[in-house]
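Okay, here's the structure, questions in a sec.
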Amino acid sequence: MTGSFDVITIGGGPGGYVAAIRAAQLGLSSACVEAEELGGVCLNWGCIPNGVLLHYAGLVSDIQLHGRELGLRFEGLETDYSVAVARSRRVVRRLVGGVGHLFKKYGVTHIRGYGRLADANTVEVDGSRYRARHIILATGATWNRPEDVGAEGEVDGERIVAYRQGVVQTEVPRSVIVVGAGIVGVEFSHTYNAYGAEVTLVERASQILPLDDTEVAEGLERVFRKRGIQVRKDSALRKVERVGERVRVTIAPAAGGEAETLEADQVLLALGIRPNSSGMGLEQLGIETSHRGGVIIDEALRTRVPHILAVGDLTGKRALASVASHMGLAAAETIAGLPPQRLDYRMMPRISYCKPQGASVGYTEAELQELNIPYRVGRFPLAGNGKALGMNESDGFVKLLVHQKEGELLGMHVLAPEAAELMAEFTLARELEGTPAALFNAVHPHPTLSEAIAEAALDVEGRMLNY
Ligand SMILES: Cc1cc2nc3c(=O)[nH]c(=O)nc-3n(C[C@H](O)[C@H](O)[C@H](O)COP(=O)(O)OP(=O)(O)OC[C@H]3O[C@@H](n4cnc5c(N)ncnc54)[C@H](O)[C@@H]3O)c2cc1C
């Protein structure tokens, strides 16, 4: 046995590294096994680098669309996408290094290599064995490969890419077909469009952002269409094939019907993710996975083996770094014997960091109708918000969904610049069991976008002021 710890976490992404640090903070001896770089998908290939690219794309599209109104005079606009990518990699290096420093600061042992369960208390890492009283599985997920689209449909990193290649390639393809219009698909579409690519966005569902509020999705789709992005909804992927230097994609109406082909320089597959649960030694311990490969856990994040917990994308819950980190915190605290946190996955905000940003938290209207939960709507258009008008970004709204009788905050859906920054007001108010009255009684600084939340809360009672 090479070492012995109270807690070994396998996977050093936002779920795993947060769990490992929290366990150490709580006085437990803690180790984290990571096969690649610390920080996982979020820091290396997802939220962080993609966030930088989206920020640059937002600036470029602002200048392209509103430059003249801003008094900027230019003939044509030259952009160099590689500068954005280079900056994104610098930010990645800094943050990944930061996790290493945090490990040293809090006394977490970093074990480099590929970990698997040798038995219920032993983690094997490339031949070495480590004993653990508790184990947290946090191995994340990988992009979904499309099924039955032909062997040629495999990601080759050149003509057929997924997020991991898309986020580091230093040139934007002249034309690209993005398959899958979830958050990752719409974000890449936004970035590549801003940098001049001809973008076709293909989605099997009847709206882009299929999990989100329909008004948010439709609003973003309108913006996309205005900017020249071709949006093909209700379209199922049938085949992906390389044709010389190009790639051909066959799609067909999701409801059945005649197929058609599209061609582009590149295809970016954004078809969701698949948990990294195989090859981990789970079956021999009776740890169950769902048909999609997610490790099945109870409310306290425990697997079938009570001292082995699982967090983050591996569990198939909401695939967000914020969710993974919260699960990591909760897992470490449960192990340390603190009162277990009950996580409400529905109330975790999800954002598409486009321009404008689309943000949703809680129930959508469609879900409330399906569940027969009576609700009221408060809506405020950004056309009545001074800050948004000043920013020239008044094409959006804040929509608040509230229980008809009890006034409980059920959901908030926003299409606005910096919508992500507005979401914490809702989640905090809900955490404190606030009602719309709390949202409009709290004084909001003026002029700010957050005033639109207060106005939407007023609108729940039919007394909106500024529109
Ligand atoms: C393009 C993109 C953009 C995104 N943007 C956002 C965003 O803006 N906001 C947001 O909240 N979320 C975002 N996400 C989602 C977010 O990145 C993930 O939800 C998050 O990284 C999940 O964290 P995790 O710790 O569960 O897993 P991961 O981040 O996947 O980390 C798992 C780690 O485990 C390691 N590992 C796997 N198997 C083993 C093994 N057997 N032994 C040792 N190590 C192993 C992997 O190398 C990896 O480092 C984005 C994702 C993508 C792809």
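These numbers come from a predicted model, not from an experiment. Counting begins at 1 with the first residue of the sequence. Start at 1 and go down the list; that is how both ligands and their atoms are numbered.
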Among Asp313, Thr142, Thr315, Leu314, which one puts a heavy atom closest to atom 19 (O) of ligand 1?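 Nearest option to atom 19 (O) of ligand 1, by heavy atoms: Asp313.
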Which heavy-atom pair separates Ala84 from Tyr195 by the least distance, and what is that distance? CB-OH, 3.8 Å
Separation of Ile208 CD1 from Glu203 CD (nearest 0.5 Å): 8.5 Å
Carboxylate-amine/guanidinium contact Arg222 Glu218, below 4.0 Å: no
Mark up the atoms of ligand 1 that fall under 4.0 Å of a heavy atom belonging to Tyr114, in ascending order.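 Result: 40 (C), 41 (N), 42 (N).
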Close-contact set for ligand 1 against Gly113 heavy atoms, below 4.0 Å: 42 (N), 43 (C)
Could you say whether the N/O atoms of Ala35 and ligand 1 ever approach to under 3.5 Å? yes
For ligand 1, which atoms sit closer than 4.0 Å to a heavy atom of Gly13?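 Heavy-atom distances to Gly13 below 4.0 Å select 25 (O), 29 (O), 31 (O), 33 (C).
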Should the proximity of Tyr353 to ligand 1, defined as any heavy atom under 4.0 Å, be assigned to the side chain, the backbone, both, or neither? side chain
Any nitrogen or oxygen of Leu320 lying under 3.5 Å from a nitrogen or oxygen in ligand 1? Just yes or no. yes
Does an N or O from Gly312, backbone or side chain, lie closer than 3.5 Å to an N or O of ligand 1?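 The answer is no, given that Gly312 and ligand 1 share no N or O pair closer than 3.5 Å.
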Are any of the N/O atoms on Gly46, whether in the backbone or the side chain, positioned under 3.5 angstrom from an N/O atom of ligand 1?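 Min N/O separation from ligand 1 is not below 3.5 Å for Gly46.
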Could you check, using the six-membered ring where one of them is a Trp, whether Trp143 and Tyr163 have ring centers closer than 6.0 angstrom? yes
Taking only non-hydrogen atoms of Gly40 and a 4.0 Å limit, the atoms of ligand 1 in range are 29 (O), 31 (O), 48 (C), 49 (O)
Between Glu37 and Val92, is there a side-chain heavy-atom distance shorter than 4.5 Å?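 Val92 vs Glu37: side chains apart.
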If you have a sec, work out which protein heavy atom is nearest atom 13 (C) of ligand 1 and how many Å separate them, to one decimal?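 The closest heavy atom on the protein side is Cys47 SG, 3.1 Å.
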If you measure from the Lys or Arg side-chain nitrogens to the Asp or Glu carboxylate oxygens, is any gap between Glu263 and Arg248 under 4.0 Å?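 Here Glu263 pairs with Arg248 in a salt bridge, since their nearest N and O are under 4.0 Å apart.
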Please verify the inter-ring angle class for Phe103 with His110; under 30° counts as parallel, over 60° as perpendicular, anything in between as tilted. perpendicular
Is the closest heavy-atom distance from Pro14 to ligand 1 below 4.0 Å?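 Distance cut 4.0 Å: Pro14 passes for ligand 1.
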Asn50 N/O under 3.5 Å from ligand 1 N/O: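 No, Asn50 has no N/O under 3.5 Å of an N/O on ligand 1.
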Is it the side chain, the backbone, both or neither of Ala138 that has a heavy atom closer than 4.0 Å to ligand 1? backbone
Any atom of ligand 1 sitting under 4.0 Å from a heavy atom of Met280?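 Heavy atoms of Met280 do come under 4.0 Å of ligand 1.
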How does Tyr163 reach ligand 1, by side chain, by backbone, by both or by neither, if only non-hydrogen atoms under 4.0 Å count?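 Side chain only.
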Closest non-hydrogen atoms of Asp265 and Arg159, given as atom of the first, atom of the second and distance, are O-NH1, 2.9 Å
For ligand 1, which is the ligand I care about here, please tell me if Val311 has any N or O atom under 3.5 Å from one of the ligand's N or O atoms.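 Checking ligand 1 against Val311, no N or O pair falls under 3.5 Å apart.
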Got the closest protein heavy atom to atom 41 (N) of ligand 1, with its distance?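 Looking at atom 41 (N) of ligand 1, the protein heavy atom closest to it is Gly115 O, 2.9 Å.
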Under 3.5 Å between any N/O of Val41 and any N/O of ligand 1: does that happen in this structure? yes
Just to verify, which of Leu314, Ile308, Thr303 counts as forming a side-chain contact (heavy atoms from CB on, under 4.5 Å) with Ile297? Thr303
From Ile160 atom CD1 to Glu241 atom CD, the distance as rounded to the nearest 0.5 Å: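 It is 9.5 Å, given to the nearest 0.5 Å.
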Can you list the atoms of ligand 1 that are under 4.0 Å from a heavy atom of Cys42?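 Matching atoms, with element in brackets: 17 (O), 21 (O), 29 (O).
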Determine, using heavy atoms of Gly328 and all atoms of ligand 1, whether some pair is separated by less than 4.0 Å.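 False for this residue.
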Working to the nearest 0.5 Å, report the span between CD1 of Ile335 and CZ of Arg22. 12.5 Å
Which atoms of ligand 1 have any heavy atom of Gly140 under 4.0 Å away?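 Listed by number with element, the hits are 26 (O), 27 (O), 28 (P), 30 (O), 32 (C).
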Per the side-chain hydrogen bond (donor to acceptor under 3.5 Å, both in side chains) rule, which among Arg246, Gln169, Glu158 passes with Gln266?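 Among the candidates, only Gln169 passes.
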Protein contact to atom 49 (O) of ligand 1 [nearest heavy atom, distance to 0.1 Å]: Glu34 OE1, 2.7 Å
Under 4.0 Å to a heavy atom of Ile10 - the qualifying atoms of ligand 1, by number: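 Those qualifying, in numeric order: 40 (C), 42 (N), 43 (C).
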Using a strict 4.0 Å cut-off to heavy atoms of Ala141, name the atoms of ligand 1 that fall inside it. 30 (O)
